[in-house]
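Presented below is the structure to which this report refers.
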Amino acid sequence: SWIETENRRKAVAKFDQWLQKHLQVDVTFLPSVPYLAGTLLASYGRELWRKNSNLGEFQATVLAVLDMFRYLRPQLTSAWDQVKVWEELEPSLLTTPCPKEICKAVVVVARSWGWNVFAKYVTHCFYGCHRGIELRDALRGDLFGPAELVPGNKLYTRVKKPKNSWIGSK
């Protein structure tokens, strides 16, 4: 869309200013050093992060550079890695927890409609501090509760692939 095109134009203009300030080069310099293109973009992304900018601006910058120099795509993996780190450190609105009252209301409505499994899923995600994706692929063998002789009125879940498991592995 024309809005996205305009956002990318503005984003790459800011990146161009950053390059001129720090390296005295402009964005057209990137093809002459393709092996540095991703690293430069990742450094720019880290600076945007430190300045509390938004992730969308950085993504628009990376996409604008891709629009300008399609053949640099393989060299931009470190820039996309920076996007991934940013997303892990600052979850998007899609993973923002809802207020407790809304969770309770959703459970009440679901139970009144006979959607008991969905009500349990919402409750477990909210009180168990899970992301929905972590429970979506859970099997019966991954859930442990009173039937498995776990003391008390508790439910335990084994999460096979937590979303941020890569943090501990480094």
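Being a predicted model, the structure only gives us computed values, none of them experimental.
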Can you give me the closest heavy-atom contact between [X] and [Y], atom names plus distance?
X	Y	result
Phe15	Leu40	CE1-O, 4.1 Å
Pro34	Leu72	CB-CD2, 3.5 Å
Arg8	Leu63	NH2-CD1, 3.4 Å
Phe58	Ala79	CE2-O, 3.6 Å
Thr77	Pro74	CG2-O, 3.7 Å
Thr61	Ala11	OG1-CB, 3.3 Å

**Request:** Report the C-alpha distance between Glu101 and Lys104 in whole Å, list the side-chain angles of each, state the deciding distance to 0.1 Å, and finish with yes or no for salt bridge (charged side-chain N to carboxylate O under 4.0 Å, His left out).
**Result:** CA-CA 5 Å; Glu101 293 76 22; Lys104 286 181 178 180; over 6 Å; no
**Prompt:** Are Ser43 and Arg46 linked by a side-chain donor-acceptor pair shorter than 3.5 Å?
**Reply:** yes
**Message:** Please determine whether the number of non-hydrogen atoms from other residues, nucleotides or ligands lying under 6.0 Å from atom CH2 of Trp49 exceeds 12.
**Reply:** yes
**Request:** Could you check whether the rings of Phe69 and Tyr71 sit parallel, tilted or perpendicular, using 30° and 60° as the cut-offs?
**Result:** perpendicular
**Asked** Would Ile102 and Trp113 show up in the same hydrophobic cluster when neighbours are defined by side-chain heavy atoms closer than 4.5 Å?
**Response** yes
**Prompt:** Counting only N and O atoms by type, is there a donor-acceptor contact under 3.5 Å from the side chain of Ser78 to the main-chain atoms of Ala42?
**Reply:** no
**Request:** Could you tell me whether the side chain of Asp16 and the main chain of Val27 form a donor-acceptor pair under 3.5 Å?
**Result:** yes
**Message:** Check this for me: does any side-chain nitrogen of one of Lys10 and Glu57 sit under 4.0 Å from a carboxylate oxygen of the other?
**Reply:** no
**Message:** Under 4.0 Å between a side-chain nitrogen and a carboxylate oxygen: does that hold for Lys84 and Glu87?
**Reply:** no
**Request:** State, with a plain yes or no, whether a side-chain heavy atom of Val109 is found less than 4.5 Å away from one of Trp115.
**Result:** no
